[in-house]
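Worksheet: the structure to be examined is printed underneath.
Both counts, for ligands and for their atoms, begin at 1 and track the order of listing.
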Amino acid sequence: MPDEALDNRVGSATPAADTLAGIGVCSGFAAGPVYAVAPAPTLPPPGVPGPSDQDSALAALAQVAAYLRHRADEATEPTVAQILAAQAAMAEDPVLHQAVAARVVGGLPAAHAIADALAEHRAAFLAAGGYLAERVADLDDLRDRAVAVCLGRGMPGIPSPGHPYVLAARDLSPADTAGLDPHTVLALVTEEGGPTSHTAIVARALGIPAVVRCAGILDLPDGTLVGVDGGTGQVRVNPDPAWIHAQQQAQAARRERLAQSTGPGRTADGHPVALLANVGSAADLTSDVEGVGLFRTELLFLNRSVTPSHDEQIAAYAAVFEAAGGRRVVVRTLDAGADKPIPFLNQPSEPNPALGIRGLRLARRHPEVLRAQLAAIAAAARATGAQPWVMAPMVATATEAREFARQCRDAGLSTVGVMVEIPAAALSARAILSEVDFISIGTNDLSQYTFAADRMCGELADLLDPWQPALLSLVAACGEAGRALGKPVGVCGEAAADPALAPVLVGLGVTSLSMAARSVAAVRESLAAVTLDKCRRLAGAALAGSRPGEARVAAQRGQASVGGGRSATSGAPADGG
Ligand code: PEP
Ligand code: MG
């Protein structure tokens, strides 16, 4: 990776020999034994079953059932406990046992007999549709676990050693991260991924210190003690207890300082910058934010083989509106495709899914899904008295923005916006903003498409750095459009959570910042330390840098005239919300 990729993310101190270096994506410190996610097992070529294969297949299912029951007993969330108990019951199902035994008798070895019998169950569940079809992911998980046990491997998926631990993985998928418990998982360290990968997003949402692109973490034996610094990106192996103690004290002092910071976002001279939360459900919304700047509704659709019903959608949206209690809620319509496939849409595979039918483009193929979603959002708004803002992901042109706005208004939703995630949209920000009431910049995708760098590709993390001057220029174009038309311009990508970048974004004309609720305090503190004029000078310096490291250093030093830097002239109107 080029020097500039790491110069601001990995601490300046040269890592010691017993220190692994990665990119810190969620600050904070944690120490504990490391355990790695085991991959799903692959079946070896089928041999001939031995005399004990039937017993070992049934014993594997029993072991998995016992494991799931134990996890169900320990689960603190009733819904999670129910799901685990239902999965355990599937493993104990006598019909499944008979099907497995019959296959061993028919000539399949244990692991193959389990996989084959569960494949038949899977097909039957899918054919039945409805609730049963929804359970196929649980059957697949059961199969992977039982096959792994049969093959003498560790169970795949998130480990549960029975005590708090540091989770190591190649990278984590949305499904892996959905049930992570921040009380058990002390820190996340991945070998791959990048600052905008799901690992980073989930870590920030849960407030778990996290390091990505950390080569060597998977070479450590399970149980090795590590100290993880999610700020500097350093992972110390077998650290000294005195060092751990010092880090923990520093962490506690920082937490205490940030806990003092409350209230709305303001620069030192009182310019308001709304500080909002990115949420997937009502549970992510805390009290000390000014509202929701990004409600990722796709979490309701992921892993679903049938469309969530009208009533289910209304309940999910209404829960967030109620939790917001009159504060702003920006609902993003379904953003699926590429890295977020949705089973019920049966999307055919595409050679370049990130450039294909994703985000608003899904409505070209499935207009009924968008129509139903807008109707459910409007119904939830009526039921709760909320006045949600609604925005579409992956909008490229003013025509798309106009058509989306028309549909929203027809559905009775009056405050309409679009995300700016495609360079074309940033370049046409003014035309787009003329069609809608606000824009919100998704810097994760905007980086990906500006630099032609897959956001999941950790090797390209340097290009995906939100301090890249080219990315900031596109943000500036949006800010300029917002100033000209007097309309709000938010940022809801991961860039919004960087306390050092926040004043730069405000100087570029951004009027609200939306991030994981846990990141808000640090951003609030950072903004409170600078005037709007200083923000503009910092923005000018950051734009003038030729690479992210320079931009960051220039901004941090407040060198508004670095390299004869142009100055950001945005009038930065206050956010309308
Ligand atoms: C973004 O692209 O910046 C964004 C906020 O959307 P997502 O990360 O959900 O794609
Ligand atoms: Mg996006």
Practice problem: Indicate whether the side chain of Asp288 and that of Thr262 have a donor and an acceptor atom separated by less than 3.5 Å. | Solution: no
Practice problem: Report yes or no: does Met419 have a heavy atom closer than 4.0 Å to ligand 1? | Solution: yes
Quiz item: Which ligand 1 atoms, with their elements, are less than 4.0 angstrom from a heavy-atom of Asp445?
Solution: 1 (C), 2 (O), 3 (O), 10 (O)
Self-check item: Phe344: ring pair (Phe, Tyr, Trp, His ring centres under 6.0 Å) partners, not counting sequence neighbours
Solution: none
Self-check item: Side chain Asp498, main chain Ala500, donor-acceptor under 3.5 Å
Solution: yes
Exercise. Report yes or no: does a heavy atom of Arg332 sit under 4.0 Å from some atom of ligand 1?
Key: yes
Quiz item: Looking only at heavy atoms, is any part of Arg455 under 4.0 Å from ligand 1, and if so is it the side chain, the backbone, or both, or is it neither?
Solution: side chain
Quiz item: Does Glu494 reach ligand 1 with a nitrogen or oxygen that is under 3.5 Å from one of the ligand's nitrogen or oxygen atoms?
Solution: no
Quiz item: Roughly how far, to the nearest 0.5 Å, is CE of Met391 from OG of Ser440?
Solution: 4.0 Å
Quiz item: Would you call Thr190 and Ile217 a side-chain contact if the rule is heavy atoms closer than 4.5 Å?
Solution: no
Practice problem: For Leu294, counting its heavy atoms only, list the atoms of ligand 1 lying under 4.0 Å from any of them. | Solution: 5 (C)
Self-check item: Residues which pass side-chain hydrogen bond (donor to acceptor under 3.5 Å, both in side chains) with Glu494, listed by chain and number, not counting sequence neighbours
Solution: Arg204
Quiz prompt | Of the N, O or S atoms in Glu421, the one nearest the Mg ion (ligand 2) | solution = OE2
Practice problem: Give the name of the N/O/S atom in Asp445 that lies closest to the Mg ion (ligand 2). | Solution: OD2
Quiz item: Can you list the ligand 1 atoms lying under 4.0 Å from a non-hydrogen atom of Cys492?
Solution: 5 (C)
Self-check item: CG on Leu355 to CD on Glu350, rounded to 0.5 Å
Solution: 9.0 Å
Quiz item: With a cut-off of 4.0 Å, which atoms of ligand 1 are near a heavy atom of Gly493?
Solution: 3 (O), 5 (C)
Exercise. Assess the side chains of Gln407 and Asp410: does a donor N or O sit below 3.5 Å from an acceptor N or O?
Key: no
Quiz item: Which residue from Leu299, Asn444, Ile441, Asp335 reaches closest to atom 3 (O) of ligand 1 through any of its heavy atoms?
Solution: Asn444
